[in-house]
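Sequential numbering from 1 along the given sequence is applied to the chain's residues.
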Amino acid sequence: MPTSVELQEPMSYYLFWLILAIVAVAAVFFIQIFFRILLRDQLKRKREKRQPKVRPPKKKPLAVLKWEYLQRLDHLERGIMAGSYSKRNAYQELSMLIRTFVTDATGIKVQNYSLQEIRRVGIPGLTALVQEYYEPEFARQSMADIRASLFRTRKAIELWN
């Protein structure tokens, strides 16, 4: 019995679905890449915009804070001159002293910041001092002059505003 319906071969159906699946996978892949790049750029911009705000000290006036830290610096200097500190320990103490001063003076907790993070905060005096301290803090041998570093630290505290 003859029929008017002609049937297609089964392979023609498979080719259509295979092409459709490949196009769908490629589309998902490119969409995912597009959104990852877009989100990464947005997160990067957010991080760059989000800088800590400098707040004046709440507990003590700046003059009192400066006086206290200059007293601590004098105490540290006496210990260094007496030989109580190795060069490395002296620079570590000096670094912690200036970092805690800046934290108390501004409210920005820079005690555990790396040099790069300190640069991003935007306090050039602190950046210069911490950069100066890095080599003697971490090197086995250093030619750094602790007296000059003490002098620059003292000046940074005195001139802080």
Does [X] reach the side chain of [Y], with side-chain heavy atoms less than 4.5 Å apart?
X      : Y      : answer
Met81  : Arg147 : yes
Val121 : Val102 : no
Arg72  : His75  : no
Leu129 : Leu94  : no
Ile80  : Glu77  : no
Gln131 : Tyr134 : no

Nearest-0.5 Å distance, [atom1] of residue [X] to [atom2] of residue [Y]:
X      : Y      : atom1 : atom2 : answer
Glu135 : Tyr91  : CD    : OH    : 8.5 Å
Leu73  : Arg78  : CG    : CZ    : 10.0 Å
Arg120 : Leu115 : CZ    : CG    : 10.5 Å
Asn89  : Glu137 : CG    : CD    : 10.0 Å
Leu97  : Tyr69  : CG    : OH    : 7.0 Å
Asp145 : Arg152 : CG    : CZ    : 7.5 Å

Within the supplied structure, the quantity of interest is the number of heavy atoms (other residues, nucleotides, ligands) at a distance under 6.0 Å from [X] [atom1]; does it exceed 12?
X      : atom1 : value
Gln42  : CD    : yes
Gln141 : CD    : no
Asn112 : CG    : no

Side chain [X], main chain [Y], donor-acceptor under 3.5 Å:
X      : Y      : answer
Glu117 : Ser114 : yes
Arg88  : Phe138 : yes
Lys66  : Trp160 : yes

> Just checking, Arg154 and Phe151: is the charged tip under 6.0 Å from the six-membered ring centre and within 45° of the axis?
Replying inline: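 Pair Arg154/Phe151 does not count as cation-pi.
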Is there a path from [X] to [Y] through hydrophobic residues (I, L, V, M, F, W, Y) whose side chains come within less than 4.5 Å of each other?
X      : Y     : result
Val110 : Leu62 : yes
Trp67  : Leu76 : no
Val28  : Ile22 : no
Ile31  : Leu38 : yes

> Between Gly79 and Tyr85, which heavy-atom pair has the shortest distance, and what is it?
Replying inline: C-CD1, 3.6 Å
> Going through the distances and angles, do Tyr133 and Thr153 end up as a side-chain hydrogen bond (donor to acceptor under 3.5 Å, both in side chains)?
Replying inline: CA-CA 10 Å; Tyr133 303 157; Thr153 304; 2.3 Å; yes
> Among Val130, Ile118, Thr103, Leu126, which one satisfies side chain to side chain contact (heavy atoms under 4.5 Å, CB included) with Tyr113?
Replying inline: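 With Tyr113 as partner, side chain to side chain contact (heavy atoms under 4.5 Å, CB included) holds for just one option, Ile118.
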